[in-house]
Protein chains: 2
Amino acid sequence: MRAVDVIINKRDQLELSSEEIHFFVQGLTEGTIPDYQVAAWAMAVLLNGMTDRETTDLTLAMAQSGDTLDLSPVVPFTVDKHSTGGVGDKTSLTVAPIVAACGLPVGKMSGRGLGFSGGTLDKIQSIPGYRTNLTPQEFMDQLSDIGIVLTGQSANLAPADGILYALRDVTGTVQSLPLIASSIMSKKLAAGADAILLDVKTGVGAFMQTLQEARVLAEIMTAIGHNADRQVVCLLSDMNQPLGSQVGNALELKEAVEALRGDAPADYREHCLTVASHMLVLGKQAQTLDQARSMAQDAINSARAYDKFRQLVDAQGGDIRYVDDLSLLPTAQFVEPLEAPRTGYLQTIHAREVGETAVDLGAGRASKSDSIDPAVGITILHKVGDHVTQGEPLCWIHANDQEKLEAAKKRLLSAHHIVDEEVPPLPLFYDIIQ
Amino acid sequence: MRAVDVIINKRDQLELSSEEIHFFVQGLTEGTIPDYQVAAWAMAVLLNGMTDRETTDLTLAMAQSGDTLDLSPVVPFTVDKHSTGGVGDKTSLTVAPIVAACGLPVGKMSGRGLGFSGGTLDKIQSIPGYRTNLTPQEFMDQLSDIGIVLTGQSANLAPADGILYALRDVTGTVQSLPLIASSIMSKKLAAGADAILLDVKTGVGAFMQTLQEARVLAEIMTAIGHNADRQVVCLLSDMNQPLGSQVGNALELKEAVEALRGDAPADYREHCLTVASHMLVLGKQAQTLDQARSMAQDAINSARAYDKFRQLVDAQGGDIRYVDDLSLLPTAQFVEPLEAPRTGYLQTIHAREVGETAVDLGAGRASKSDSIDPAVGITILHKVGDHVTQGEPLCWIHANDQEKLEAAKKRLLSAHHIVDEEVPPLPLFYDIIQ
């Protein structure tokens, strides 16, 4: 078999065989297929697409390209969660302790933020001392001991995905639904997930800008899951405006912890309860979503979820005083309001603009090697549909640099649109695919 | 400007600007754009196409990526010729001496054969001593002295094309009409052509298998020429059956020289006279095609064309005795007929099968480093439409290996189809585009 023939077949819109896909993934992992052939193939895949069968084969081949975890000695049934990323999405930080407190162990490997979308590890590392580089043995021991782990990738999982993603990033081949779907799902399968709760965000602040695109991605990932004998539930959720109130690392951690104490903005609470409920049903801890929701609510009310989070931070070396007294978390030098320029109804809070303003303030990375400032960010005070009065604060800007503060004000002002007519609120969820 | 944005624009079917194309060609020439980005871009071009304006910009950028020749001190007006290649196409060897004998200097840089399509340099090097590595100074001096040169590429012409072609070959991106057209035209422009006669072959033995594809390629190259202020005439000629009778290096050289002496198969004579006539009109040696044709015929009849070929061989160090006595050229150990399996009309002589059989016999290269056997090949005795009788020879096979001879017989037998009904002869030319 020759790599160039696999490229030509995809170029000519043929369906690649399982053998061709495994040959290609093995070759790119071992370096016997050079990156220029991988790049040409990725562009052909982007432009000509893949069937669900091809995408499943690609996912399985990438999942098998490195280590595969088996958590069954510790966890009888593993439920993993993945969000496609958005602005203000700190859901894992709240949901993992909730479901762990309900008896479903969660061993989660998360990533760093890149671009306008934040990363769970960056947020939790606002707590001094918190380690995200657990060894595989530490991971297993902690999961067995306290039923919750939140760390970086601790094994050589799906190296083919890492190689392919680096190449896609510089060859204009990121925006391919089969390649996005197989990238996400290969890591989840390699990490040993028996069931997967997917949260596919859609809107101006998401990678999938349209509901149609998000739906197709969800359908592809669901099909991969079923073809690979995994249970998959896929939520389609809104990312036109930020989720919750806080955008920025320490600010989001604070919001996530407050939610564990029962104090959360309505949209964020609802989002977390929905995600947690589906995970509990997938993990066979509850028969129905209603039952699961009661369990999750009870874990919050009883403070068991909050205690589980404290256990997590303590186990991974974080300074627990920062959880108990959130005012110890880093704060910004300048905290100033952005005032409503007129009276009316909020029609738009452009999530991507808000996310990119946070990056400009120092909360995120433009490139992988950049460092981040945990203190800066934005506190959103209103949601789309709210009535606002001229002069009242629309949001608070947390900055450590006067110039960046002024630039952020301008950018955020144009991210908010206020109109005379009433505006309906945005839905939290559009659909569930399973 | 970033290479990835140029890739993304072409991926998204946008027309690239002149600046984008020059940036990309300069980057790939200098190595600042890595080959994986070039490969992804080439696949996007193949699948999404290019406008004539983009293709012209690409051609000019590639032509300017290295040395550009200026023949004007020696030749007031340079007419170049290019054939897209086929089986039995030895036209340059006959036409160059004819038009040079008519007063139009021809300084031609040719290539080697690859795959089923032979190369002019391989054919003329059947003459011992013939040099194809003239220096630029030798090239200019000889063109000035005797008005004819036939050599390999003697300068760093269009290096971007060389880099891009090598990459296309291994990434399934050869078959792109804008990339093929710009590859051909960039070398002609860099070599200093004021006018270009293009012979685009179409049929089973050509790279353009359908007339429609060949016509589009011809139209693109004509548009490039006009956009670059060059005169272009493009012949669309048949390559379903081999051109002339001989296929193989020494065999084709023999046929080309015999044609200069006035002894040629009808199709090959007609093809050469047509090509020569167009070149003479482009080169302002004749007012009309009829006048040009008379000049060309007269150059043959008067032996001036043959003398010009002798001058060429002598000037480039070839042993002139091999021209005067063609029986000195290398001959094969086995020369055996393939007999007609039945009586009827020849419907097909599959040019590609004939060309690949010649390669199997040793006449061509499967890869660039292979050596070739000048003696072997095939002599076609009939043309499509001829009536043949069972047992009479369809062709002669020239082989230096008994096993290869037997394999060639089998392959050639299936390349000929004989039917009961009369079959019209194939046209020589389908159209002229200018």
Side-chain angles (χ1 to χ4, degrees), chain A residues 1-14 16 20-21 23-24 27-28 31-50 114-115 160 162-180 207 209-210 213 366-368, chain B residues 1-14 16 20-21 23-24 27-28 31-50 114-115 160 162-180 207 209-210 213 366-368:
Chain A
M1 198 176 289
R2 298 189 317 157
V4 68
D5 295 322
V6 179
I7 300 170
I8 286 172
N9 288 344
K10 182 41 67 185
R11 177 196 81 187
D12 294 344
Q13 304 189 293
L14 302 180
L16 300 181
E20 285 177 312
I21 289 171
F23 164 80
F24 209 85
L28 78 89
T32 53
I33 298 181
D35 47 16
Y36 49 82
Q37 291 189 314
V38 178
W41 174 85
M43 182 60 78
V45 169
L46 184 143
L47 291 171
N48 286 339
M50 272 190 157
L114 190 60
I163 294 166
L164 183 56
Y165 190 85
L167 208 47
R168 285 167 58 206
D169 197 33
V170 290
T171 56
T173 49
V174 169
Q175 289 295 345
S176 156
L177 294 177
L179 295 182
I180 293 170
F207 292 104
Q209 305 243 325
T210 68
E213 260 189 325
S367 75
K368 275 185 189 175
Chain B
M1 198 176 287
R2 299 189 318 157
V4 67
D5 295 322
V6 179
I7 301 170
I8 286 171
N9 288 343
K10 180 44 65 186
R11 177 197 78 188
D12 293 345
Q13 304 191 292
L14 302 180
L16 300 182
E20 286 177 313
I21 289 171
F23 164 80
F24 208 85
L28 79 89
T32 54
I33 298 181
D35 47 16
Y36 49 82
Q37 291 188 315
V38 179
W41 174 86
M43 183 59 80
V45 169
L46 184 143
L47 290 171
N48 287 338
M50 272 190 158
L114 189 62
I163 294 165
L164 184 54
Y165 190 84
L167 209 46
R168 286 166 57 205
D169 197 35
V170 291
T171 56
T173 50
V174 169
Q175 290 293 344
S176 155
L177 294 177
L179 295 182
I180 293 170
F207 291 104
Q209 305 243 324
T210 68
E213 261 190 323
S367 76
K368 276 186 188 174

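Throughout, protein chains are lettered first and strands after them, A, B, ... in sequence-line order, and every chain is numbered starting at 1. Note that the structure is predicted; figures quoted are calculated from it, not measured.
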Exercise. Under 4.5 Å between any side-chain heavy atoms of B:Tyr36 and A:Val38, yes or no?
Worked result: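 Counting from C-beta outward, B:Tyr36 and A:Val38 never come under 4.5 Å.
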For this session: Flag the pair A:Met43 / B:Ile7 as yes when at least one side-chain heavy-atom distance between them is below 4.5 Å, and no otherwise.
Result: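 SC-SC contact between A:Met43 and B:Ile7 confirmed.
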Exercise. Chain B heavy atoms under 4.5 Å from A:Ala44: which part of the residue, side chain, backbone, both or neither?
Worked result: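 Interface part for A:Ala44: both.
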Seminar exercise, completed: Bottom line for A:Asp5: the part with an atom under 4.5 Å from chain B's heavy atoms is neither
Problem set entry | Pairs of heavy atoms under 4.5 Å with chain A: top-ranked of B:Thr171, B:Thr173, B:Ile8 | B:Thr171
Exercise. Between B:Gln175, B:Gln37, B:Arg11, which residue shows the highest count of heavy-atom pairs closer than 4.5 Å to chain A?
Worked result: B:Arg11
Problem set entry | Selection from A:Asp35, A:Asn9, A:Asp12 maximising heavy-atom pairs under 4.5 Å formed with chain B | A:Asp35
For this session: Name the member of A:Ala3, A:Ala39, A:Pro34 that forms the most heavy-atom pairs with chain B at distances under 4.5 Å.
Result: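 Looking at each option in turn, the highest pair count goes to A:Ala39.
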For this session: Over all heavy atoms of both residues, which pair between B:Val4 and A:Asp169 is shortest? Give the atoms and the distance, please.
Result: CG2-O, 4.0 Å
